[in-house]
Amino acid sequence: MARSPKRKWSMEQDSNDQMMVRREKQERWREQGQAYPNDFRRDALAGDLLARYGDMDGAALEQEPISARLAGRLMSRRVMGKASFADLQDQGGRIQLFLGKDHLGEAAYGLFRELDLGDIIGVEGEIFRTRAGELSLRVTSLRLLSKALRPLPEKWHGLSDPEIRFRQRYVDLIVTEAARRTFRIRAQTVAALRQGLSQRGFFEAETPMMQPIPGGATARPFITHHHALDMTLYLRIAPELYLKRLVVGGFEQVFEINRNFRNEGISTRHNPEFTMLEWYEAYADFHRAMDLTETLIRSAAQAALGTEAITYQGLDIDLGRPFLRLTVEEAVRAHNPELAQADLRDPHCLAEQLARLGVGCHPGWGWGKRLIEIFEKTVEGKLQQPTFITHYPLEVSPLARRNNDDPEVTDRFELMIAGREIANGFSELNDPDDQAARFRAQVAAKEAGDEEAMFFDADYIRALEYGMPPTAGVGMGIDRLVMLLADQASIREVILFPHLRPEQA
RNA sequence: GGGGGUGUAGCUCAGUCGGUAGAGCAGCGGCCUUUUAAGCCGUGGGUCGAGGGUUCGAAUCCCUCCGCUCCCA
């Protein structure tokens, strides 16, 4: 599969006139002594200085000078002969520097004029307010700490090519404030979820990423090989069966936040590796799981955004109001008025409805699978405000507990927000005999050609035979939740290094 | 897999009817001590994604391929 070489990606030969100039400067810098010093120590961050002294007026600052040592990247420059302004960016923000020949001295001012945008520098000086009123640092000494050999993208428009933004995320993070914000939201979301579970007594576990039998979900796995043991291993598609083994073991409230891998297509909503939160709570049912799901999402929004009223792609979504709760059958009937209640369990009526919708109906599908196909086609995308859809058919819920009143459905829910599945949870199936039967049905489906169907996990059955307490569990897609909170349309915007095709053949 | 968009200087983008490549930022050389998309004067920089075709002549028209991107399945 030969690919045409793309000049902007070639690693070794892509030097240009600007890089030549920077390399010459680097060479001169090397000749002057230690070219990559690491003895500069800062004592402040740009954002902290702005927060702390932003309200202090110029006169007060002159009376009681505050000195600071800052380090960061030179992002812009305004040179006016013997005095200049520049912007320094560090992890806490961006602050303006004032560099006057009088304060800096001839030699250091000369060094400043040699600098290039993107260089990493260390500065020392005093806080003051400019004539225009901007809090700035009057620099009294300056050092080059690391030379930028490559020019930065344009200062005003920044980086707009999405391919370069994802491939060279380091450049994107330097120049795109919105990208930095998205990943701050992500970190705060994960931290809030972790804290919310920890403070309720949940135990954080790490279970295998490489599994001999990939379980806990219906998906095609990645396959790998362990050489020393000469055995096939699968990258996990879910941690579920291991976390429930831990519940058997006595960790009655347990959770994990980690990566899952699914060997499926790539789209604006799918990345081959994605982050999942799963938690399990013994002596709870799916109603309790829905309550906790709701609470955790609210606290994540509050932690990351400071509000529960969000806007997603122009749509106002209120996470503060109680989430709606509807059964699958109620939702399907509401959006398919031509179906009567009795039709919902009638495979023939459902097949006719699928045909009307232009969806093919596989002969192996029972009424439950057919009903879910209709749900996904006619309802799912319309559920904009947070809605729990409950009581999924048994056929599509091989790990969920049967409903007491209606053994054809399970005590399961999915949470839909902005037309997308955000979480999936249920009262866990803890009857080992029922679970074994469900696994056998999955194996039959796999043998009939369903690549996504589950394997039979005998050790998991053995674990259940020791007795698992009645338990509720939830899985929450972190990437999709972050997309929602950060108002991003593509999963690539919320994953630091999304999967892309390789740069060169 | 199907359809739409797109690929031109380091970055962001123009490029008319097919006539041999442009701007801003960045760079380089000057001037300039309160600017903030600083300003002014001067100046270098191009495999127009790749390959093929049509043509006297192709960034432009046609074909194939590659990448990115959006929508649909």
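Chain letters run A, B, ... following the sequence lines, proteins first and then strands; every chain starts at 1.
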Quantified in whole Å, what is the [atom1] atom distance between nucleotide [N] and nucleotide [M]?
| N | M | atom1 | result |
| --- | --- | --- | --- |
| rA14(B) | rA9(B) | P | 12 Å |
| rU6(B) | rC62(B) | P | 13 Å |
| rG42(B) | rG53(B) | P | 45 Å |
| rG46(B) | rC71(B) | C1' | 34 Å |
| rG29(B) | rU35(B) | C1' | 22 Å |
| rC17(B) | rU55(B) | P | 23 Å |
| rA23(B) | rG51(B) | P | 27 Å |
| rU8(B) | rU20(B) | C1' | 15 Å |

Distance below 4.0 Å between [X] side-chain N/O and [N] OP1 or OP2:
| X | N | result |
| --- | --- | --- |
| T268(A) | rC71(B) | yes |
| S160(A) | rC13(B) | yes |
| K377(A) | rA73(B) | yes |

Legend entry - All ring pair (Phe, Tyr, Trp, His ring centres under 6.0 Å) counterparts of W156(A), not counting sequence neighbours: none

Legend entry - Side chain proximity check, I317(A) to Q384(A), heavy atoms < 4.5 angstrom: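 A side-chain contact is absent here, since even the closest heavy-atom pair is not under 4.5 Å.
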
Legend entry - Test item: Q488(A) and Y312(A) side chains (from C-beta on) under 4.5 Å apart, heavy atoms: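 SC-SC contact between Q488(A) and Y312(A) ruled out.
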
May I have the distance from [X] (atom [atom1]) to [N] (atom [atom2]), rounded to whole angstrom?
| X | N | atom1 | atom2 | result |
| --- | --- | --- | --- | --- |
| D161(A) | rG5(B) | CG | P | 19 Å |
| H362(A) | rA73(B) | NE2 | P | 20 Å |
| E264(A) | rG1(B) | CD | P | 17 Å |
| Q488(A) | rC70(B) | CD | P | 12 Å |
| I266(A) | rG67(B) | CD1 | C1' | 14 Å |
| I164(A) | rU6(B) | CD1 | P | 18 Å |
| R492(A) | rG67(B) | CZ | C1' | 12 Å |
| R269(A) | rC70(B) | CZ | P | 11 Å |

Return the nucleotide paired to [N]: Watson-Crick means purine N1 to pyrimidine N3 with N6-O4 or O6-N4, wobble means G-U with N1-O2 and O6-N3, both under 3.5 Å.
| N | answer |
| --- | --- |
| rG18(B) | none |
| rU6(B) | rG67(B) |
| rG1(B) | rC72(B) |
| rG39(B) | rC31(B) |
| rC11(B) | rG24(B) |

Inset, instruction - Go along nucleotides 27-39 of chain B 5' to 3' and tag each nucleotide: B for a protein heavy atom under 4.0 Å from its base, S when only backbone or sugar atoms are that close, - otherwise. - result: SS---BBBBBBB-

Legend entry - Heavy atoms from other residues, nucleotides or ligands near CZ of R181(A) exceed 12 (cutoff 6.0 Å): no

Inset, instruction - Check for a donor-acceptor pair, side chain of R69(A) on one end and backbone N or O of R41(A) on the other, with a separation under 3.5 Å. - result: yes

Legend entry - Residues that R169(A) engages under side chain to side chain donor-acceptor pair (under 3.5 Å), provided they are two or more places apart: D172(A)

Inset, instruction - Evaluate the side chain to side chain contact (heavy atoms under 4.5 Å, CB included) criterion for residues L415(A) and I297(A): first the C-alpha distance (whole Å), next the side-chain angles of each, then the deciding distance (0.1 Å), finally the verdict. - result: CA-CA 11 Å; L415(A) 172 62; I297(A) 287 178; 3.3 Å; yes

Inset, instruction - Would you mind classifying the nucleic acid contact of Y109(A) as base, sugar-phosphate or nothing, using non-hydrogen atoms under 4.0 angstrom? - result: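 Contact class for Y109(A): none.
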
Inset, instruction - Between A489(A) and L152(A), name the one whose nearest nucleotide on RNA chain B is closer to the 5' end. - result: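 The residue whose closest nucleotide sits nearer the 5' end is L152(A).
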
Inset, instruction - Let me know which of L481(A), L484(A), V494(A) forms a side-chain contact (heavy atoms from CB on, under 4.5 Å) with T189(A). - result: L481(A)

Inset, instruction - Dump the intermediate steps for salt bridge (Lys or Arg N to Asp or Glu O under 4.0 Å) on E177(A) and R180(A), then the final yes or no. - result: CA-CA 5 Å; E177(A) 165 59 24; R180(A) 294 193 293 272; 2.9 Å; yes

